[in-house]
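Letters A, B, ... are given to chains in the order of the sequence lines, protein chains preceding strands, and every chain is numbered from 1.
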Amino acid sequence: MMKLDEIQKRLLREVADLHAVPEGAYNIRSNSQSAGRQSTANIEITPKTDVSGLDIRIKAGTKNESVHIPVVMTQTGLYELVYNDFYIGEGADVVIVAGCGIDNCGSQDSEHDGIHRFYVGKNAKVKYVEKHYGSGSGSGKRILNPGTEVYQEEGSSVEMEMVQIKGVDDTKRTTTAKLAAGAKLVVRERLMTHDEQRAISTYVVSLDGEGASADVVSRSVAKGNSFQKFDAKIIGNAPCHGHTECDSIIMENGKILAVPALEANDLDAALVHEAAIGKIAGEQIIKLMTLGLTEAEAEEQIINGFLR
Amino acid sequence: MLELKNISFNVSTDGADKEIIRGVDLVVPDGKLIVVTGPNGGGKSTLAKIIAGIETPTGGSIFFSGEDITRLSVTERAKRGIAFAFQQPVKFKGISVKDLIRIASGKNISVADACEYLSSVGLCARDYIDREVNASLSGGELKRIEIATVLARGAELTLFDEPEAGIDLWSFRNLIDVFRNMKKANKNGSILIISHQERILDIADEIVVLKDGRIDKQGKKDDILPSLIGTTSAISDCAMMNPGKGAE
Ligand SMILES: Nc1ncnc2c1ncn2[C@@H]1O[C@H](COP(=O)(O)OP(=O)(O)OP(=O)(O)O)[C@@H](O)[C@H]1O
Ligand SMILES: [Mg+2]
């Protein structure tokens with residue numbers, strides 16, 4: 001394993017809760033190079049030969065194993081485009097932890113664009129956790145553009161937790177999913193933008209088989225002069241259930257645009273969308289002030305809870 | 001000791017000035033339990049909000065432990081020892097009962113200690129400590145959590161705005177014990193309860209009747225309570241069980 005410096009270690013803790021070399025299969029990518037890789041008997045990680053990225057093959061029936069593929073960037077002016085493909089065998093049950101941390105102290109932009117494709121076999125179960133984090137005082141931007149494609153076979157289930165709380169200047173996040181009969185997708189997105197940041201999050205979920213279901217919930221906070229766009233579309237092509245929810249808090253000059261879209265192409269498609277945008281309720285701040293918090297402390301508690 | 005001197009509060013609605021509190025003088029001495037009652041819309045909640053700093057009085061001044069706190073913020077008053085249980089508890093997404101009790105206590109108290117406060121309001125602590133204080137809780141549950149939170153403050157002056165509202169009769173009797181225990185635990189602490197319930201009025205040292213923004217009656221419990229029995233200012237248990245009968 002390549003030696004990581006303190007900043008790289010801190011980024012790893014932020015994005016993958018990693019304090020040491022992870023158990024199970026992993027690949028740690030640091031400044032565009034592999035800083036360590038391990039396959040296991042059931043999970044094989046191989047670098048791609050045509051483009052930058054990895055193929056991750058998980059054998060059918062693999063249970064209770066995990067894959068960690070964190071990315072850290074600490075050099076200013078770095079740009080990378082990475083393709084990671086996950087092939088998850090029938091009936092497997094795994095946790096995949098991705099995430100990217102950028103520390104940019106320089107004046108040039110640092111950008112990581114990661115395309116993740118998931119081919120989820122019949123009845124397989126995946127929990128996917130992705131955290132994005134930026135730090136560093138340089139004028140160069142920290143840019144992250146994750147593209148996620150999910151192809152779910154019959155009866156499979158995918159739960160995605162995507163978190164971006166701090167420090168990413170520009171992000172375009174695109175998630176598409178196609179679900180066969182009986183497949184289930186749950187997405188929990190937590191997003192906070194501040195200062196001049198921009199974040200655009202787009203979802204297109206097609207429910208193609210009978211009994212497929214999707215639940216896409218985004219909670220977000222826009223502070224400073226930041227801007228967010230949440231664009232979620234669910235398409236029901238079969239008897240199915242779809243739900244999207246966008247629950248947002250705006251502060252200072254923060255702006256949020258929520259664009260819900262539902263498309264039902266089957267009489268038995270049941271699709272629901274909910275969206276709420278507003279500032280923090282005054283009574284919440286006052287309640288916490290009567291417990292002894294200052295207004296700023298009260299806001300912090302409310303936001304922390306909201307994004308938990 | 002809390003002292004209100006000639007407090008008034010006006011609001012302008014549709015261009016017309018409306019007087020909600022009109023020249024109220026009130027003293028809440030150390031170690032005493034005062035119950036404020038009176039008809040709906042009489043100004044009770046407004047008065048409590050003025051004491052807590054949530055509303056700013058149009059006229060008059062407020063002294064707490066000898067200090068003029070009229071211009072102090074809600075936070076500063078809380079830090080000086082004023083706690084307030086709202087008539088309508090506030091809900092939060094993502095903040096747990098444990099979080100709220102910890103914030104209220106001002107320190108990182110143990111889960112066991114936090115649970116004590118829940119048990120004292122008749123909630124099975126294990127079931128509630130990790131729940132979010134959100135709309136999934138019933139009205140009565142929220143109300144009890146509100147009271148537990150305020151107990152955790154251990155304040156010098158605690159204001160309760162209709163603590164009995166939404167609480168069933170059995171728990172209501174325990175609620176009386178909560179107030180008695182508070183008095184025992186802090187001999188110098190004072191309590192101001194806004195209530196319409198005879199049983200709560202009955203444990204008062206002093207009763208204040210607020211009507212149309214003015215103090216209509218005020219005095220020792222034994223002097224005031226008899227004149228209130230049978231009115232909406234002192235509803236009995238029986239009336240609570242048979243709403244519409246008995247209370248006038
Ligand atoms: N900000 C405000 N603007 C206009 N009217 C107000 C405002 N605050 C209070 N009021 C009015 O002042 C009156 C007193 O209200 P308050 O809530 O203090 O009464 P209360 O005695 O607590 O009544 P209840 O027993 O129903 O709780 C009411 O008529 C109310 O509508
Ligand atoms: Mg009231």
For [X], does the [atom1] atom have more than 12 heavy-atom neighbours from other residues, nucleotides or ligands under 6.0 Å away?
X      : atom1 : result
A/H243 : NE2   : yes
A/E252 : CD    : yes
A/E300 : CD    : no
A/K229 : NZ    : no
A/K63  : NZ    : yes
A/K125 : NZ    : no

**Message:** Looking at every heavy atom in both B/T75 and A/G292, which two are closest together, and how far apart are they?
**Reply:**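 Looking at all heavy atoms of both residues, the closest pair is CG2-O, 3.5 Å.
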**Asked** How close do B/K79 and A/T294 get, heavy atom to heavy atom, and via which atoms?
**Response** NZ-CG2, 4.2 Å
**Item:** Engaged part of B/E146 at the chain A interface, taking heavy atoms whose separation is under 4.5 Å
**Value:** side chain
**Message:** At a heavy-atom distance under 4.5 Å, which candidate from A/R219, A/Q301, A/K287, A/E283 has the highest pair count against chain B?
**Reply:** A/K287
**Message:** Counting heavy-atom pairs under 4.5 Å with chain B, which one of A/E295, A/E297, A/R308 comes out on top?
**Reply:** A/R308
**Item:** Side chains of B/V150 and A/T290 in contact at under 4.5 Å (non-hydrogen atoms)
**Value:**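 With C-beta onward as the side chain, the pair stays apart.
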**Complete:** Among residues 86-105 of chain B, those lying within the under-4.5 Å heavy-atom range of chain A are B/F86, B/V90, B/K91, B/F92, B/K93, B/G94, B/I95, B/S96, B/D99, B/L100, B/I103, B/A104
**Listed partners of A/R198 passing side-chain contact (heavy atoms from CB on, under 4.5 Å), at least two apart** =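 With sequence neighbours excluded, A/R198 shows a side-chain contact (heavy atoms from CB on, under 4.5 Å) to A/D170, A/I200, A/F227, given in chain and number order.
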**Request:** Could you tell me which portion of A/D247 (side chain, backbone, both or neither) has an atom closer than 4.5 angstrom to a non-hydrogen atom of chain B?
**Result:**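 Side chain of A/D247 only, per the 4.5 Å heavy-atom cut-off to chain B.
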